[in-house]
Amino acid sequence: MTNFYIQPAKQIPVEASVDVLVVGSGPSGVAAAVSAARLGACTMLIEQQGTVGGISTSGMMSHWTGSVKNALYSEILLECARRNGDHSGGEPTKSINPEKLKQVYLDLLKDAGVTLRLYTFACDVIQEENRVAGVITESKSGRQAILAKVVVDASGDGDIACLAGAEYHKGREEDGKMQPATLMFKVAGVDTDRAVFLHSFESTYETPKGELQALARQHLPAPAGHVLLYPSTLPGVVTCNMTNCTDIDGTSAADLTRAEEVCRGQMYKIEAFLREFVPGYEHCFIIGSGSLIGVRETRHFKGLYTITREDILAARQFDDWVVEDAYFNFDVHNIAGAGLDATGVQKKFTQTKGYTIPYGCLVPEKIDGLLLSGRNISGTHMAHSNFRAMPICLAIGAASGTAAALCAKAGIQPREVAAKEIQAHL
């Protein structure tokens, strides 16, 4: 039997009324807010963490993986390179310094005129029939309402779309299983002249004690059991993507708590493994970890179009594209354990052409006043394993913010804006 508490009705103060409200400040949310504001829309961005960037910063992400043709993404890469002291003028590194990236994001938002609210959780929607008209927030300032002509859901999990009643499914179509969660961390004291870096599950390295991926399966506590090591922008520091927690629903607070406990319980065992088995890491030690657990997959919403594995393999060029030249692999982490899932293809991915994402993937099928942005757009489980890469999500955000600004200016719904008008601004 479920018990309920009936909360008495009370007035909620309206904190703001804006053209475009973006919920979530990961790469997709930042891009959406900056893009909308640059088009003259009165824009607000709310974020439940104490800083911006989501997984790219609070999650201590190692690098931008995958690629996309997008002006704002190029702008961010170039600015990060400049702040990291790279003045070569060549192709900027995709390695991420999370602290400097936070400031790049903050400066972009400030320069565009975005109103930013951190430490602010979107807990409910304001809805007029099937149109989202704003959100209810909780924060140290209490419960408040923010009204908006268009809301962009860049929450990752599609929390606003879910609250609004948009149709979705979780995980794999056949069983609802979702990719595992990870907590990134960094080790220092690495002899980078000798250090081994393994960038994919399909990468191997033979040592006198054995092959590293096999050694990890043998010596690390399950479901950890793979080696993924990436160079950082700092001397002697390496980013580790080696913790693993399976059977996690990223929309459950209990599951997120378990993932945090499991992954943190693996970190120092991984440190010991690196010292014993991996060349160059004999004297390494943990210096920091993400403050945000890495959730790869939760809700897939039903939009006006659903992008599929076949669309990506065919490098399909949609007439109503809003993301172009997107490229990555099928990065499906093992849903049942360590390593790459049987359906995943990383280094051996043979499709070499970029694909497009159509505007319909960003528009919920039956809900107005709302745009999807980032990994929660309308796509299948397999397609999602490709477009969830951060550069592609950032480009999706630029498209959703542009569309939102155009809708707010014209007084129309997202489903009514022409993709060619969005393209003209991208």
Side-chain angles (χ1 to χ4, degrees), residues 14-47 52-53 68-76 78-79 103-118 120 122 126 128 131-135 137 144-155 160 320-324 357 359-360 362-364 367-374 377 393-426:
V14 176
E15 165 67 7
S17 182
V18 298
D19 293 330
V20 177
L21 174 64
V22 181
V23 179
S25 77
S28 183
V30 169
V34 169
S35 298
R38 284 180 174 179
L39 286 178
C42 176
T43 304
M44 177 179 280
L45 173 63
I46 62 173
E47 165 59 47
V52 294
V68 72
K69 181 180 178 181
N70 181 265
L72 183 56
Y73 173 55
S74 297
E75 182 181 344
I76 289 170
L78 288 169
E79 182 58 21
Q103 194 60 51
V104 169
Y105 286 149
L106 287 169
D107 290 345
L108 282 170
L109 293 164
K110 182 179 180 180
D111 291 346
V114 175
T115 299
L116 177 64
R117 291 289 183 269
L118 300 174
T120 301
I126 300 168
E128 298 171 353
R131 185 181 79 86
V132 173
V135 303
T137 66
Q144 297 175 321
I146 303 172
L147 305 179
K149 294 176 182 177
V150 182
V151 174
V152 175
D153 188 339
S155 64
I160 302 306
D320 61 338
W321 63 266
V322 289
V323 173
E324 60 178 335
I357 297 176
Y359 180 53
L362 283 59
V363 183
I367 304 296
D368 285 329
L370 180 68
L371 281 159
L372 304 168
S373 192
I377 66 169
C393 284
L394 191 153
I396 293 170
S400 64
T402 299
L406 294 172
C407 290
K409 182 177 181 179
I412 60 176
Q413 294 305 316
R415 68 185 67 249
E416 297 173 309
V417 68
K420 288 193 180 301
E421 192 173 356
I422 301 170
Q423 293 167 8
H425 292 281
L426 295 175

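Because the structure is predicted, anything quoted here is derived from the model rather than measured. Computed over heavy atoms, backbone and side chain alike; hydrogens, waters and symmetry mates excluded.
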*Do V18 and T115 pass the side chain to side chain contact (heavy atoms under 4.5 Å, CB included) test, and can you show the C-alpha distance, the side-chain angles, and the key distance before you say yes or no?*
CA-CA 10 Å; V18 298; T115 299; over 6 Å; no

*State, to 0.1 Å, how close L372 and P364 come at their nearest heavy-atom pair, and which atoms those are.*
CG-CG, 4.0 Å

*Spatial distance of atom CG (L147) from atom CD1 (I126) [nearest 0.5 Å]*: 5.0 Å

*asked:* For V114 and V30: C-alpha separation, side-chain torsions, deciding distance, then whether side chain to side chain contact (heavy atoms under 4.5 Å, CB included) applies.
replied: CA-CA 10 Å; V114 175; V30 169; over 6 Å; no

*Considering only heavy atoms from C-beta outward, does the side chain of V132 approach that of D153 to under 4.5 Å?*
no

_Rounded to the nearest 0.5 Å, what separates atom CG in D320 from atom CG in L362?_
10.5 Å

_Looking at every non-hydrogen atom in both residues, tell me the closest pair between E324 and V68 and how far apart they are._
O-CG2, 3.5 Å

*Which atoms form the tightest heavy-atom contact between S400 and A32, and what is the distance?*
OG-CB, 3.6 Å

*Between atom CD of Q144 and atom OG1 of T137, what is the distance when rounded to the nearest 0.5 Å?*
5.0 Å

*Heavy-atom check, side chain of L72 versus side chain of R38, under 4.5 Å*: yes

_Just so I know, are the side chains of I377 and I357 near enough to count as touching, which here means a heavy-atom distance under 4.5 Å?_
yes

_side chain to side chain contact (heavy atoms under 4.5 Å, CB included) evaluation trace for E75 with L108_ = CA-CA 10 Å; E75 182 181 344; L108 282 170; 3.4 Å; yes

_Strictly by side chain to side chain donor-acceptor pair (under 3.5 Å), give each pair with a member in residues 402-413 just once, sequence neighbours left out._
none

*Minimum-distance pair of heavy atoms, taken over all atoms of T43 and A33*: CG2-O, 3.8 Å

_Suppose we screen for side-chain hydrogen bond (donor to acceptor under 3.5 Å, both in side chains). Which residues come up paired with S35, at least two apart in sequence or across chains?_
none

*Supply the atom-to-atom distance L426 CG to E421 CD, rounded to the nearest 0.5 angstrom.*
11.0 Å

*Interatomic distance, L370 atom CG to R131 atom CZ [nearest 0.5 angstrom]*: 11.0 Å

*Y105 and V34: side chain to side chain contact (heavy atoms under 4.5 Å, CB included), yes or no, with the steps?*
CA-CA 9 Å; Y105 286 149; V34 169; over 6 Å; no

*Answer yes or no: is there a side-chain heavy-atom contact under 4.5 Å between H425 and L406?*
yes

*Please collect all salt bridge (charged side-chain N to carboxylate O under 4.0 Å, His left out) contacts where either partner lies in residues 19-30, sequence neighbours excluded, each pair once.*
D19-K149

_Y359 side, atom OH; I396 side, atom CD1 - distance, nearest 0.5 Å_ = 13.5 Å

_On a heavy-atom basis, which atom in A31 and which in A398 lie closest, and how many Å separate them?_
CB-N, 3.6 Å

*What are the two closest non-hydrogen atoms of S25 and V52, and how far apart are they?*
OG-CA, 3.2 Å

